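First comes the structure, then the notes that go with it.
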Amino acid sequence: MKKMTLNEHIELAEFIRFTYNRLQTLHVDLANRYGKTNKITKKLETVLSKLDSAKSELDNDYHAIATDQDFQKYGHVYYSERV
């Protein structure tokens, strides 16, 4: 299995953070429109849960290759953007 490079993780993390935040916004909007227990809202909750699980696994891979200096510079790339 080929591992991702640090730069690939950083690029993918940006996409995942953006996508996750958009899906969370959509989830709130749909929950307000259809209710929290609606089938549509629940399906989107499942998507968010699966994406969160994937983020966690990717974060583990990132930490396995990131040096202390990389982490100092980029932080938790899958969870927050370093300013």
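Only a predicted model underlies this, so the values are computations on that prediction, with no experimental measurement involved.
Ring geometry, Tyr62 versus Phe71: the interplanar angle falls from 30° to 60°, so the pair is classed tilted.
Other residues, nucleotides and ligands contribute more than 12 heavy atoms inside 6.0 Å of the CG atom of Asn32. Residue Glu8 places its CD atom among more than 12 non-hydrogen atoms of other residues, nucleotides or ligands, all under 6.0 Å distant. Around the CD atom of Gln24, the shell of radius 6.0 Å holds more than 12 heavy atoms that belong to other residues, nucleotides or ligands. Around OH of Tyr79, the count of heavy atoms belonging to other residues, nucleotides or ligands within 6.0 Å exceeds 12.
What you find for Leu30 and Thr41 is that their closest heavy atoms are O-OG1, 3.7 Å. Lys36 and Glu45 make their closest contact through O-OE2, 4.0 Å (heavy atoms, listed as atom of the first residue, atom of the second, distance). Here the closest non-hydrogen pair linking His9 and Asp61 is CE1-CB, 3.8 Å. Across all their heavy atoms, Tyr78 and Ile16 have their closest contact at CE2-CD1, 4.0 Å. Here the closest heavy-atom approach between residue Asp70 and residue Ile65 is recorded as OD2-O, 4.3 Å.
The line from OG1 of Thr19 to CG of Leu26 is 12.0 Å long, rounded to the nearest 0.5 Å. Annotation: the span from Glu14 atom CD to Leu12 atom CG amounts to 10.0 Å, rounded to 0.5 Å. Taking NZ of Lys73 as the start and CD1 of Ile10 as the end, the distance is 7.5 Å to the nearest 0.5 Å.
Between Asp59 and the choices His63, Lys55, Glu57, the side chain to side chain contact (heavy atoms under 4.5 Å, CB included) rule is met once, by His63.
By the 4.5 Å heavy-atom criterion applied to side chains, Asn38 and Arg33 are not counted as neighbours. With contacts defined as side-chain heavy-atom distances shorter than 4.5 Å, the pair Asn21/Thr25 does not qualify.
Note on Leu23 and Phe18: separate hydrophobic clusters, where clusters join Ile, Leu, Val, Met, Phe, Trp and Tyr whose side-chain heavy atoms are under 4.5 Å apart, directly or indirectly. Under a hydrophobic-cluster definition in which Ile, Leu, Val, Met, Phe, Trp and Tyr are linked whenever side-chain heavy atoms come within less than 4.5 Å, directly or via other members, Tyr34 and Val28 are assigned to different clusters.
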